Amino acid sequence: MMKWAVLLCAVLALSECNIRIPLIKGKSAREALEEKGLWEQYRKQYPYNPMAKFSQSFAVGYESMTNDADMSYYGVISIGTPPQSFLVIFDTGSSNLWIPSVYCSSTACNNHHRFNPSQSSTFQSTNQPLSIQYGTGSMTGFLGYDTVSVGGIQVPHQIFGLSQTEAPFMAHMKADGILGLAYPRLAASNAQPVFDNMVQQGLVQDYFSVYLSSNSQTGSEVIFGSYNPNHYTGSLVWIPLSAETYWQITMDSVTINGQVVACNGGCQAIVDTGTSLIVGPNSDIANLNSWVGATTNNGDAVVNCNNIASMPVVSFNINGHSFTLPASAYTSQSYYYGCRTGFGNGGSSLWILGDVFIRQYYTVFNRANNSVGLAKAV
């Protein structure tokens with residue numbers, strides 16, 4: 001059946017060929033830790049630095065990533081012959097594919113699926129090391145080649161990372177690994193990203209789309225080579241990239257009731273499926289949280305759950321268009337910690353438009369003309 005799918009993509013017009021990967025909206029590491037009464041201990045031991053993965057260092061063998069305990073969207077891929085399955089985060093803020101391996105004995109590897117190269121007839125090893133730096137700790141391993149199956153389509157001779165050690169906080173993460181969807185320039189060791197390999201082999205057109213459901217555990221998806229009009233209303237607004245590394249765009253301002261509250265005079269923003277919150281410079285985020293009525297408590301911007309219905313709409317103004325978020329979209333409620341906003345400190349001049357934003361706006365990542373398309377999600 002798999003061979004027929006590949007053959008079909010080869011003979012059909014590319015516009016008819018796409019790969020859909022359902023995403024599961026699961027429990028985040030934070031939710032699981034809160035249930036066990038361990039969140040405060042974890043928060044202090046592994047402080048969250050959302051900007052760590054956006055390092056501008058492109059040294060060989062180096063990639064950055066963050067310990068985002070609020071990530072909750074995952075998809076299944078498989079690697080090898082016969083296939084071994086893994087749960088991964090589809091991350092537009094990094095470019096490498098990596099998964100745990102049987103050579104890793106860290107606690108984080110022991111409670112995740114681990115790839116066994118000796119059980120794959122198509123695996124090829126390399127002598128290239130791989131190191132991924134986290135906000136705290138790191139993952140080390142090596143690079144190899146094998147067939148990767150994404151959404152039923154096989155991508156042969158795909159380079160990927162196999163971990164040998166992993167930072168302790170990864171033990172609390174639901175996903176086994178990461179599948180990066182940013183530009184090749186960011187890839188550690190010049191490893192060809194999965195999406196680039198798919199395009200070069202003529203399996204898909206050079207764009208993909210992301211839909212993240214707000215409440216339902218099912219329905220979220222990544223589609224390679226197409227997009228789904230059933231998940232948005234109106235027309236896609238195309239925004240040119242300002243840099244072709246991350247999916248980086250220019251944002252004009254952030255306003256509330258027409259008043260500029262952040263990003264005054266313009267700023268740079270990265271559209272990132274691999275970050276759960278909307279993140280910005282500390283002073284901007286403090287001002288934004290103050291405007292919506294939040295107070296800081298143990299690192300969270302806390303609001304009264306009873307006030308959400310009367311809290312203001314926040315507008316992210318991009319390329320002459322206003323993308324609005326109601327309070328119901330930018331707040332979340334924890335059974336143990338009450339309600340908080342989805343606006344987090346980044347400590348950098350960069351903004352990250354993470355899942356809080358993408359849930360509201362269906363997003364098409366277009367490599368053909370280096371742009372991002374946004375439309376109101378439904």
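FYI, side chains are in, hydrogens and waters are out, and symmetry mates aren't considered; it's all heavy atoms of this structure. Sequence positions, counted from 1, serve as the residue numbers for this chain. Because the structure is predicted, anything quoted here is derived from the model rather than measured.
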Checklist entry - Which pairs count as disulfide bond (SG atoms under 2.5 Å apart) when at least one residue sits in residues 237-273, sequence neighbours excluded? => result Cys263-Cys267
Item to check | With Ser125 via side-chain hydrogen bond (donor to acceptor under 3.5 Å, both in side chains) - residues at least two apart | outcome: none
Checklist entry - Do Thr275 and Asp355 have side-chain atoms, one donor and one acceptor, less than 3.5 Å apart? => result no
Checklist entry - Are Tyr330 and Phe343 close enough that their ring centres sit under 6.0 Å apart? => result yes
Next on the checklist: Tell me every residue that passes salt bridge (charged side-chain N to carboxylate O under 4.0 Å, His left out) with Asp196, counting only those two or more places apart in sequence or in another chain.
Outcome noted: Arg367
Next on the checklist: By the disulfide bond (SG atoms under 2.5 Å apart) test, which pairs, at least two apart or in different chains, include something from residues 295-370?
Outcome noted: Cys305-Cys339
Checklist entry - Any salt bridge (charged side-chain N to carboxylate O under 4.0 Å, His left out) pairs touching residues 274-294, not counting sequence neighbours? => result none
Item to check | Residues that Ala309 engages under side-chain contact (heavy atoms from CB on, under 4.5 Å), provided they are two or more places apart | outcome: none
Next on the checklist: Under the rule for side-chain hydrogen bond (donor to acceptor under 3.5 Å, both in side chains), what residues qualify as partners of Ser78, not counting sequence neighbours?
Outcome noted: none
Checklist entry - Which disulfide bond (SG atoms under 2.5 Å apart) pairs, counting each pair once, include a residue from residues 79-131, with sequence neighbours left out? => result Cys104-Cys109
Checklist entry - With sequence neighbours excluded, what pairs up with Thr341 under the side-chain hydrogen bond (donor to acceptor under 3.5 Å, both in side chains) test? => result Asn289
Item to check | Donor-acceptor side-chain pairing of Tyr246 and Arg185 below 3.5 angstrom | outcome: no
Checklist outcome for this item: One should read off an interatomic distance between Ser95 OG and Leu186 CG, to the nearest 0.5 angstrom, of 4.0 Å
Item to check | Exercise: do Ser349 and Gln268 side chains pair donor with acceptor under 3.5 Å | outcome: no
Item to check | Pair Phe365 + Tyr207: ring centers closer than 6.0 Å | outcome: no
Next on the checklist: Quick check: Phe323 with Tyr361 (ring centres under 6.0 Å apart)?
Outcome noted: yes
Next on the checklist: Applying side-chain hydrogen bond (donor to acceptor under 3.5 Å, both in side chains), can you list everything that pairs with Ser106, at least two apart in sequence or on another chain?
Outcome noted: none
Checklist entry - With sequence neighbours left out, which residue pairs that include part of residues 271-300 fulfil the ring-ring contact (aromatic ring centres under 6.0 Å, His included) condition? => result none
Item to check | Contacts of Pro326 that satisfy side-chain contact (heavy atoms from CB on, under 4.5 Å) - sequence neighbours left out | outcome: Ser328, Ala329, Gln360
Next on the checklist: So that I know where these two stand, are Phe160 and Phe115 an aromatic pair - ring centroids less than 6.0 Å apart?
Outcome noted: yes
Item to check | Neighbour count >12 (heavy atoms, 6.0 Å) for atom OH, Tyr211 | outcome: yes
